[in-house]
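Lettering of chains follows the sequences in order, A, B, ..., and the numbering in each one begins at 1. It should be emphasised that the depicted structure is a prediction, and the values quoted were computed from it without experimental measurement.
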Amino acid sequence: MRGAHMLDIRAIRQQPDEFKRKLGRKKVHPAIIDELLTADEAWRANLAETERLKNLRNTTSEAIARKKKNGEDATDDIAQMKEVGNRIKELDDIIRQQDERIREILLSLPNVPHDSVPEGASEDDNPVIRTWGELPKFNFEPKPHWEVAENLGILDIERAVKITGSRFVLYKGLGARLERALAAFMLDLHTDKHGYTEMFPAFIANEESLVGTGNLPKFGDEMFKLEGLPYYLIPTAEVPLTNYYRDEILSVDQLPTKFAGYSSCFRSEAGSAGKDTRGLIRLHQFQKVELVLLVHPDKSYEMLEQLTRDCADVLEALELPYRQIEICTGDLGSKDAKKYDLEVWIPASNTYREISSCTNFEEFQARRANLRFRPDESSKPEFVHTLNGSGLAVGRTVAAILENNQQADGSVRIPKALVPYMGGIEAIQAPASVKA
RNA sequence: GGAGUGAUGGCCGAGUAGGUCGAAGGCGCUCGCCUGCUAAGCGAGUAUACGUCUUAAAAACGUAUCGAGGGUUCGAAUCCCUCUCACUCCGCCA
C-alpha cells in the first residue's frame with residue numbers, strides 16, 4: 001500500500017500534458033513524468049496479478065478448512081497454494097521496489113504553481129504589489145544595525161562566536177529584552193486580534209514530520225540533524241504546527257485552523273557562504289513567530305490574502321516601512337503554489353529585505369502529511385489546503401527597528417506599540433561608558 | 001538507566017490449544033419509525049487506503065489494514081523475532 005504523495009498520481013495519469021506544462025514552469029523535465037507513468041503502469045499490472053492470486057489463496061484456504069472439518073483430503077490444494085504463495089512473495093517484492101521508485105519520483109516533484117503566478121527567471125522579476133510607510137530621512141549616515149547594536153551594548157557577536165561559532169549571536173540587556181518584547185507583541189497581536197491559537201512546540205522534529213512539510217527528502221542539507229538519531233532541529237515552527245493534525249481527519253467546522261507558533265529556527269545555510277555575513281540577517285539560529293493555516297480548499301487563495309494582511313499588520317503596528325512583492329515562477333520555492341514576500345526597509349543597505357514569506361501550498365503538504373477533512377457527514381475525506389507565513393522573523397525585525405529608528409546620538413527609538421512590552425522604555429540609550 | 005504490564009474500529013471492550021474475524025457486545029453518531037415536548041423505545045446504517053470497472057463519480061467487485069516491520073503456515077488479531085509508544089515500580093534528574 002502506498003501513502004499519499006504530493007501530486008495526485010491519478011490526476012497525472014489523466015492529464016499528463018497538463019502536468020508537464022505546469023511543472024515546466026518550475027523547470028521540471030517532461031521525461032520525468034513519462035518515467036513516472038511507465039513505472040505506474042507496470043506497478044498496476046503487477047498489483048492486479050498479485051491481488052488475483054491472493055484472492056485464489058483466500059478462497060482455497062477456506063476450502064481447505066472446510067475439507068479438513070469434513071475429514072476430506074486437502075493435500076493437493078495445500079501443495080498448489082504453496083506454489084501460489086511463493087509467486088505472491090516474488091510479485092510483492094517487485095511491487096515494493098516499483099512502489100518505492102514511484103514514491104521517490106513523486107516526492108521529488110515540486111508543487112504545481114498556481115496559474116496566477118507571474119512568469120519570471122529570477123528574484124529580479126518579482127513584481128512589487130504595493131509599498132507602505134515613509135522611508136526614514138537621516139541627517140547623518142545611518143549605521144548598519146550591528147554597529148548600532150554593539151555601540152549600545154545590546155548585541156554581542158564576538159562572544160557568541162567564541163561560545164558557538166560564526167552566524168550565531170547573543171542578545172544582551174535591552175537587546176534581549178527587545179527580542180522578547182517583539183515575540184510577545186507579535187503573539188498577542190495574532191491571538192487577540194487575528195484569531196490564532198498560540199502554540200509552543202518542541203524545536204526538534206522527526207523525519208516523518210519533515211517529509212510532511214516537504215523539507216525531506218530534498219532539503220536535508222539545509223537542516224541540522226541530530227547525530228545518530230532520526231531527528232532534526234526545526235527550520236521553522238511550520239514543521240511542528242503543520243504536522244499537528246498529521247494522519248487525522250478533521251470535521252469541516254474545525255476549518256480554518258489557525259496556529260501562531262513561536263520557536264527558534266535552525267538553518268545550516270549550506271550554500272550561502274559569504275552572504276550576509278554580518279549582523280542579524282542570516283543566522284544558524286533565529287526566532288520567529290510563524291502562522292500556519294489549515295483551510296478548506298475553496299478558501300485557500302482568499303486566506304492567502306488574509307494571512308499576508310495579518311503579517312503586514314505587525315510591520316504597520318511597528319511603524320516599519322515595507323513593500324509586498326509577489327514571487328515569480330523562477331523564484332518560487334519547490335513546495336509553493338503561490339507566495340508573497342513582505343520586505344522591510346533596511347536603510348544602511350539602502351534596500352528592502354525579506355522579513356515574511358506567506359505561502360499557499362494547496363494540497364502539497366496535506367498529501368504528504370495526510371491531512372484531511374470531511375466536507376460533510378456522508379462524504380469521503382478530502383485534503384485540506386495548508387498555508388503559512390512569518391509573522392514575523394524576530395531577528396530581522398530587531399535589525400529593522402535598530403536601523404530605521406536610530407538617532408544621531410546613537411540611541412534607538414522604541415515603536416509606540418512596543419513600549420509597554422519594554423517596561424515603559426521609549427528609547428534604548430547609549431550607556432555612559434560603553435562596554436562592548 | 002533497571003524491572004514489569006500493555007497496545008484491537010470515533011470511544012469502551014470481547015476474542016490467544018491458528019481456519020468463513022473487518023473483527024462479538026456496548027456507547028456514540030446518521031437516517032427512519034414511534035411518543036403532547038424532552039427522555040426512553042423500535043428498525044436500519046455507521047472505517048481507511050489502493051486496484052479493477054466507469055467519460056468522471058457513485059455503486060459493484062477485489063486486495064490490504066487488529067501499534068509498526070519482518071518470519072512460520074495452505075491459512076495469523078491469535079505463534080516467533082525486531083522496533084515504537086503508553087502505563088506502573090525503582091534509580092537519576094531541570
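For residues 410-430 of chain A, the pairs satisfying ring-ring contact (aromatic ring centres under 6.0 Å, His included) are A:F185-A:Y421, with sequence neighbours left out. Among residue pairs with one or both ends in residues 245-269 of chain A, those qualifying as ring-ring contact (aromatic ring centres under 6.0 Å, His included) are A:Y244-A:F259; sequence neighbours excluded. Among residues at least two apart or in separate chains, side chain to side chain donor-acceptor pair (under 3.5 Å) pairs with a member in residues 189-199 of chain A are A:H190-A:H194, A:H194-A:D313, A:Y196-A:D310.
Shown here are the salt bridge (Lys or Arg N to Asp or Glu O under 4.0 Å) partners of A:D276, two or more places apart in sequence or in another chain: A:R282, A:R353. Among residues two or more places apart in sequence or in another chain, the salt bridge (Lys or Arg N to Asp or Glu O under 4.0 Å) test is passed with A:E326 by A:K338. Among residues two or more places apart in sequence or in another chain, the salt bridge (Lys or Arg N to Asp or Glu O under 4.0 Å) test is passed with A:K67 by A:D77. Residues forming a side chain to side chain donor-acceptor pair (under 3.5 Å) with A:Q14 (at least two apart in sequence, or on another chain): none. A search for salt bridge (Lys or Arg N to Asp or Glu O under 4.0 Å) contacts involving A:E119 returns A:R25, not counting sequence neighbours. Under the side chain to side chain donor-acceptor pair (under 3.5 Å) criterion, A:E305 pairs with A:Y340, sequence neighbours left out.
Counting any heavy atom pair closer than 4.0 Å across all strands shown, A:R52 reaches no nucleic acid atom. Among the atoms of the strands shown, none is found under 4.0 Å from any heavy atom of A:K67.
Summary of the strand contacts: A:G85 and A:A48 both lie near RNA chain B, and taking for each the nucleotide with the nearest heavy atom, the more 5' one is attributed to A:A48. RNA chain B is contacted by both A:Q14 and A:E51; A:Q14 maps to the nucleotide lying nearer its 5′ end (nearest heavy atom per residue).
Residue A:N55 has no polar side-chain atom (N or O) positioned under 4.0 Å from OP1 or OP2 of B:G62. For the OP1/OP2 pair of B:U73 and a distance below 4.0 Å, the side-chain nitrogens and oxygens of A:R57 include no atom meeting the criterion.
In this structure, A:D93 places its CG atom 15 Å from P of B:G69, rounding to the nearest Å. Rounded to an integer number of Å, the gap from CG of A:N58 to C1' of B:G62 is 10 Å. Rounding to whole angstrom units, CG of residue A:N46 and P of B:C50 are separated by 19 Å. Between the CG atom of A:D99 and the P atom of B:G51 there is a distance of 11 Å, given to the nearest Å.
Contacts between residues 73-83 of chain A and RNA chain B, defined by a heavy-atom separation below 4.0 Å, involve A:I78, A:M81, A:K82, listed by number.
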Polar atom pairs (N or O), protein with nucleotides 15-22 of chain B, under 3.5 Å:
| from | atom 1 | to | atom 2 | distance (Å) |
| --- | --- | --- | --- | --- |
| B:G19 | O6 | A:K68 | NZ | 3.4 |
| B:G19 | N2 | A:S61 | O | 3.3 |

Report summary line: Output field dot_bracket for RNA chain B (Watson-Crick or G-U, both distances under 3.5 Å, | for other-strand pairs) contains ((((((((.[[[..)...(.....]]]((((((.......))))))((((((.......)))))).[[[[[..)....]]]]])))))))....
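A donor-acceptor contact under 3.5 angstrom links the side chains of A:S264 and A:Q287, judged on distance only.
More than 12 heavy atoms of other shown residues, nucleotides or ligands fall within 6.0 angstrom of atom CD in A:E18.
Of the listed nucleotides (B:U48, B:C50, B:A64), B:A64 has the atom at the smallest distance from the side chain of A:K54.
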